[in-house]
Amino acid sequence: MPPSASQVAVHAEALVKTYGSTRALDGVDLEIPSGTVLGLLGPNGAGKTTAVRILTTLLKPDSGTAYVAGHNVITEPDAVRRAIGLSGQYAAVDENLTGYENLYMVGRLYGMNRSDAGARARELLRRFRLEEAADRPSKTYSGGMRRRLDLAGALVAEPTVVVLDEPTTGLDPRGRMDTWEVIGELVADGATVLLTTQYLEEADQLADTILVIDRGKVIATGTADQLKNQVGGERLEIVVGDAGELPKAVETLAAVGAGEPTVDDHQRRVTVKVDTGPKALVEALRRLDQDSVTVLDVALHRPTLDDVFLSLTGHSAEDEPAADPKAKRGKKGASR
Ligand SMILES: Nc1ncnc2c1ncn2[C@@H]1O[C@H](COP(=O)(O)OP(=O)(O)OP(=O)(O)O)[C@@H](O)[C@H]1O
Ligand SMILES: [Mg+2]
């Protein structure tokens with residue numbers, strides 16, 4: 001039974017896809033309530049693009065079912081394609097055409113008449129801050145501009161579900177911020193978004209719910225805060241100038257932190273878990289300054305995807321996928 005498309009935009013159950021002996025997807029379930037953003041988070045080779053390709057009808061699963069906007073991806077691929085906009089890892093942009101021509105062409109491909117396709121192209125160019133560059137060939141665009149054009153292309157036909165495969169991978173920080181802003185606007189407009197990423201920070205910024213996948217399996221689900229709490233949240237670190245100042249530093253961090261501080265006498269470093277991030281950092285520095293403690297170094301460590309991975313699987317996100325997954329699992333808990 002397909003779920004009600006008005007409430008659940010994407011619903012997938014027990015998706016399996018194998019390539020020879022590689023289980024790219026090994027029984028993945030996922031559900032995206034309408035109007036929300038699901039972040040599919042995982043390292044290289046986790047199975048993100050495979051999931052995206054199945055949900056966008058570009059690839060058939062070996063088994064399992066999926067519905068997008070109420071349509072079965074296997075038996076109603078045309079209806080699914082009409083409901084989605086897809087961007088990323090596919091290079092849909094034609095370099096020799098201008099930004100305007102690219103978007104106009106997409107509109108015509110979707111069956112819009114000339115005037116509607118032109119109006120829609122102009123509207124999207126404005127929205128993605130590409131107006132000034134609209135009439136030059138897109139090969140002259142920066143990476144960030146190209147990515148925005150690609151995103152705009154996914155929105156031409158006003159899809160109800162937008163699928164973005166690693167929208168910011170390879171962008172510089174500025175391009176990443178720009179792209180986040182545009183995705184944020186999409187979401188504010190009520191789109192349902194499936195977004196894949198290798199960055200916890202990105203999923204944190206954009207997603208209502210995060211699904212962490214590793215080697216074709218969902219290994220955790222939750223909000224960014226829930227995942228971070230699973231790995232122990234943020235840590236505040238202070239290095240003091242003199243060993244004699246350590247007791248005062250420990251006392252201070254105990255007061256602002258959310259647990260027992262740990263001390264590294266040799267490095268004169270005190271570390272504590274914090275719930276309030278920068279606030280705790282500011283408060284700790286204020287108190288230490290008041291007590292004339294010399295602070296040589298201070299840092300707030302936010303958990304990264306790698307921390308989440310290490311905590312959930314016992315292996316780093318950067319480990320090469322093992323030829324034989326069982327052999328790799330055997331190393332669980334081993335130190336890096
Ligand atoms: N056409 C294919 N033929 C053989 N193996 C494939 C094919 N496509 C994907 N794979 C394998 O399936 C697994 C999942 O790949 P997938 O592209 O879905 O990962 P991903 O999470 O998108 O990674 P990335 O972050 O690098 O894009 C990998 O081990 C990959 O090598
Ligand atoms: Mg991929």
Side-chain angles (χ1 to χ4, degrees), residues 10 12-30 32 37-64 66 68 73-74 84-93 143 146-147 150-151 153-154 161-171 175-176 179-180 183 193-207 209-221 227 304-310 312-313 315-329 331:
V10 179
E13 243 176 79
L15 293 180
V16 172
K17 179 73 198 178
T18 54
Y19 293 105
S21 64
T22 305
R23 290 180 84 80
L25 288 184
D26 196 4
V28 166
D29 298 335
L30 67 84
I32 315 181
V37 182
L38 180 80
L40 200 55
L41 176 71
N44 285 130
K48 302 182 296 296
T49 298
T50 304
V52 162
R53 289 175 60 84
I54 289 172
L55 294 173
T56 55
T57 76
L58 298 172
L59 185 71
K60 280 201 166 60
D62 299 344
S63 61
V68 175
V73 296
I74 299 159
I84 56 175
L86 174 64
S87 159
Q89 291 198 344
Y90 302 98
V93 170
R146 228 172 279 196
R147 206 64 70 94
D150 184 50
L151 260 175
V161 179
V162 181
V163 181
L164 308 172
D165 197 4
E166 300 197 26
T168 66
T169 297
L171 291 186
R176 184 166 296 169
T179 307
W180 284 2
I183 296 170
V193 179
L194 170 62
L195 165 101
T196 80
T197 181
Q198 300 191 26
Y199 311 113
L200 178 60
E201 198 194 351
E202 177 157 294
D204 190 356
Q205 279 285 325
L206 301 170
T209 305
I210 298 171
L211 218 63
V212 185
I213 68 167
D214 180 33
R215 292 168 195 165
K217 281 197 160 76
V218 176
I219 58 171
T221 316
L227 293 176
T304 61
L305 171 59
D306 216 41
D307 294 331
V308 172
F309 255 77
L310 201 58
L312 290 169
T313 67
H315 72 82
S316 157
E318 280 160 16
D319 282 357
E320 284 300 309
D324 172 10
K326 285 194 200 82
K328 200 70 176 187
R329 295 294 182 221
K331 275 170 65 179

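For ligands, and for the atoms within them, numbers begin at 1 and follow the listed sequence. Residue indices begin at 1 and follow the sequence shown.
Between atom 14 (C) of ligand 1 and the options Gly42, Gly45, Pro43, the minimum heavy-atom separation is to Gly45. Considering Thr196, Thr49, Leu41 only, the shortest heavy-atom separation from atom 22 (O) of ligand 1 involves Thr49. With Thr169, Asn44, Thr50 as candidates, the residue nearest to atom 16 (P) of ligand 1 on a non-hydrogen basis is Thr50.
For the Mg ion (ligand 2), the set of nearby N, O or S atoms under 2.8 Å includes none belonging to Thr196.
The two residues Gly216 and Val28 come nearest to each other via the heavy atoms O-CG2, 3.3 Å. Minimum interatomic distance between Arg176 and Leu171 (heavy atoms only, all atoms of both residues): NH2-O, 3.8 Å.
Judged purely by atom type and a 3.5 angstrom limit, Lys48 has no side-chain atom pairing as donor or acceptor with the backbone of Leu41. Checking side-chain atoms of Asp29 against main-chain N and O of Ala14 turns up a donor-acceptor pair under 3.5 Å.
Those atoms of ligand 1 with a heavy atom of Thr22 less than 4.0 angstrom away are 12 (O), 29 (O). Each of the atoms 24 (P), 25 (O), 27 (O) of ligand 1 lies under 4.0 Å from some heavy atom of Glu166. Listed by number with element, the atoms of ligand 1 under 4.0 angstrom from any heavy atom of Ala46 are 19 (O), 20 (P), 21 (O).
For Arg146, the salt bridge (charged side-chain N to carboxylate O under 4.0 Å, His left out) criterion is met by Glu95, not counting sequence neighbours.
Thr50 pairs in a side-chain contact (heavy atoms from CB on, under 4.5 Å) with only one of the listed residues (Leu55, Leu25, Thr18), which is Leu25.
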